[in-house]
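Accompanying notes for the structure given below.
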2 protein chains.
Amino acid sequence: MRAAEPQIDANPLYRQVKARIVQGLTDGTWKPGEMLPSEPALGSLFGVSPGTVRKALDELTAENIVVRRQGRGTFAAELDDNRILFHFFKLTGDDGVRRFPDSRVTGVDRFAPSPEERAALQLSGNVRVIRIARIRLLDDAPVIAETIAVPTRAFPDLDRLGTIPNNIYALYASRYGRTVARAHEEAKAVNADAAAAKDLNVKPGTALLAVARTAYALNGEPVEYRHSLCRTDGFHYQVDLR
Amino acid sequence: MRAAEPQIDANPLYRQVKARIVQGLTDGTWKPGEMLPSEPALGSLFGVSPGTVRKALDELTAENIVVRRQGRGTFAAELDDNRILFHFFKLTGDDGVRRFPDSRVTGVDRFAPSPEERAALQLSGNVRVIRIARIRLLDDAPVIAETIAVPTRAFPDLDRLGTIPNNIYALYASRYGRTVARAHEEAKAVNADAAAAKDLNVKPGTALLAVARTAYALNGEPVEYRHSLCRTDGFHYQVDLR
DNA sequence: CAGTGGTCTAGACCACCAC
DNA sequence: TGGTGGTCTAGACCACTGA
């Protein structure tokens with residue numbers, strides 16, 4: 001039999017399959033935590049062999065977009081606390097233990113975006129962002145002061161919810177259909193100014209880690225720009241390189 | 001025909017193949033930059049099908065241990081400046097440009113390891129480390145002050161070379177057969193003490209990024225513990241998360 | 001027990017590269 | 001032109017899961 005259909009696109013078939021699966025995850029066909037069809041079922045759905053579906057799922061698994069469990073099925077990834085902690089939270093206790101910090105929201109409102117927010121969120125024209133300010137605490141001690149900016153277009157009523165949950169990425173997914181798939185972070189060391197010193201209960205001038213994060217949805221759209229000031233006495237920012 | 005040989009180990013066959021390829025890279029059968037045998041050749045060498053070799057090479061490619069080039073072959077990865085810059089050097093100019101800093105070595109000698117060095121390099125007993133101190137410069141301005149500690153056992157004459165090249169990982173590979181495959185980094189913000197302030201030409205108390213890196217060879221052996229103090233005015237530490 | 005993913009094999013054709 | 005990796009297919013058996 002023929003080994004392969006000729007490729008219509010320049011993209012290999014398995015990448016087209018991958019894109020169609022991402023599309024299904026983006027448009028809500030399969031919601032976070034739900035099971036996808038089996039590999040042969042996806043193969044007949046897309047008109048390709050199971051091996052090609054498998055290669056697409058291999059890449060999606062490597063990117064943490066999908067989770068496969070032997071004997072059970074393939075599932076749309078969830079942004080549960082564990083996933084957040086190990087993939088999107090690089091701050092770790094000096095003893096190596098990672099804990100989920102509590103949060104105390106100090107403000108939610110609409111603003112004109114700062115230049116950084118405008119660039120990171122790819123905004124143009126006269127749009128506004130919803131900006132959340134919060135302090136994060138471990139054992140009731142403040143360790144992070146951060147502001148989170150999201151575009152009003154994608155999150156129309158985020159400022160009218162009353163309460164902002166601690167795990168805000170789960171809210172992005174469940175209420176606004178925006179599943180955070182990846183993020184980019186830039187870190188600097190800065191001396192605490194008066195406001196930061198007060199928020200974090202340190203002396204002015206204390207060295208703090210300033211982290212600027214841009215988070216992206218499954219389809220690549222930027223959904224959040226976050227700026228965090230972190231105490232690093234007793235904590236560190238941890239990265240594995242290859 | 002039979003679909004698969006029964007697995008002797010608990011490990012799947014392709015991981016055994018992967019381990020044997022890593023072994024060949026570790027023991028010098030294939031040196032950095034050299035071409036490996038073709039996929040069918042590796043298959044008959046190890047007595048497995050080409051598909052199984054391919055799966056092993058897929059993983060090695062994902063881990064940047066080998067490089068495949070269509071039409072040419074599969075090659076043992078090299079630690080050239082480009083690889084170093086994009087995989088092991090997270091400091092980037094605020095304009096997004098990455099440049100290779102020059103280095104000025106200020107000291108090379110043997111010491112008893114510090115507790116951090118002892119733990120990271122998994123040393124025991126009464127061994128010593130070779131410790132290199134250097135200042136790294138961009139446009140003749142000091143930006144990083146670092147000490148690099150390596151075990152004397154693996155690097156017996158590193159302190160008698162006279163000169164230490166800027167790209168020290170290429171030296172580890174070519175002279176000592178230790179190819180750095182991955183690393184772990186921990187970052188903190190600290191206030192500059194008097195010595196750091198002098199080295200980096202900043203005022204005492206200035207916030208600096210302190211990065212502690214442990215680097216591992218292909219076989220998982222720790223080969224280097226490095227502590228770096230970095231100015232982050234004009235630079236930032238950059239990470240992508242998934 | 002039936003259904004799922006995990007592994008392994010076998011072989012076809014294509015795209016790219018060096019000679 | 002010949003050799004390489006890149007893609008795609010087809011189908012076998014194994015290991016795990018849950019009813």
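Convention: sequence-line order gives letters A, B, ...; per-chain numbering from 1.
- Spacing between atom CG of A:Asn11 and atom P of D:dT7 amounts to 10 Å, rounded to whole angstrom units.
- The distance from atom CG of A:Leu13 to atom C1' of D:dG6 is 13 Å, rounded to the nearest whole Å.
- Every residue two or more places apart in sequence or in another chain that forms a side chain to side chain contact (heavy atoms under 4.5 Å, CB included) with B:Pro156 is listed here: B:Tyr176.
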side-chain contact (heavy atoms from CB on, under 4.5 Å) between A:Ile164 and A:Leu158, worked out | CA-CA 8 Å; A:Ile164 301 289; A:Leu158 182 61; 4.0 Å; yes

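- B:Glu39 has its CD atom 16 Å from the P atom of C:dG11, to the nearest Å.
- What separates CG of B:Leu42 from C1' of D:dG5 is a distance of 12 Å, to the nearest Å.
- Taking side-chain N and O atoms only, B:Arg72 has a distance below 4.0 Å to OP1 or OP2 of C:dA18.
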Kindly determine whether A:Arg182 and A:Asn64 satisfy side chain to side chain donor-acceptor pair (under 3.5 Å), including the steps that lead there.
-> CA-CA 9 Å; A:Arg182 61 186 187 83; A:Asn64 297 308; over 6 Å; no

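- Atom pair B:Lys18:NZ and C:dC8:P shows a separation of 13 Å (rounding to whole Å applied).
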Kindly indicate, with the supporting measurements, whether the criterion side chain to side chain donor-acceptor pair (under 3.5 Å) is fulfilled by A:Glu185 and B:Tyr237.
-> CA-CA 8 Å; A:Glu185 291 195 345; B:Tyr237 187 92; over 6 Å; no

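- In this structure, A:Gln70 places its CD atom 12 Å from P of C:dC8, rounding to the nearest Å.
- OP1 or OP2 of C:dG3 has not a single side-chain nitrogen or oxygen of A:Ser38 nearer than 4.0 Å.
- Classification of A:Glu146 and A:Arg134 as a salt-bridged pair holds, one side-chain N sitting under 4.0 Å from a carboxylate O.
- If you check C:dC19 for Watson-Crick or wobble pairing at under 3.5 angstrom, you find it has no partner at all.
- Summarising the geometry, the separation between CZ on B:Arg15 and C1' on C:dC8 is reported as 15 Å, rounded to the nearest angstrom.
- Closest approach to the A:Met35 side chain among D:dT4, D:dG6, C:dT4 is made by C:dT4 (side chain taken as heavy atoms from C-beta onward).
- For the contact set between residues 45-60 of chain A and DNA chain D, defined by any heavy atom under 4.0 Å, the members are A:Val48, A:Ser49, A:Gly51, A:Thr52, A:Lys55.
- OP1 or OP2 of C:dC17 has not a single side-chain nitrogen or oxygen of B:Arg69 nearer than 4.0 Å.
- In this structure, B:Tyr14 places its OH atom 11 Å from C1' of C:dC8, rounding to the nearest Å.
- A:Tyr216 is linked by a ring-ring contact (aromatic ring centres under 6.0 Å, His included) to nothing, counting only residues two or more places apart in sequence or in another chain.
- Between B:Glu39 and B:Arg68, at least one side-chain N (NZ, or NE/NH1/NH2) sits under 4.0 Å from a carboxylate O, which counts as a salt bridge.
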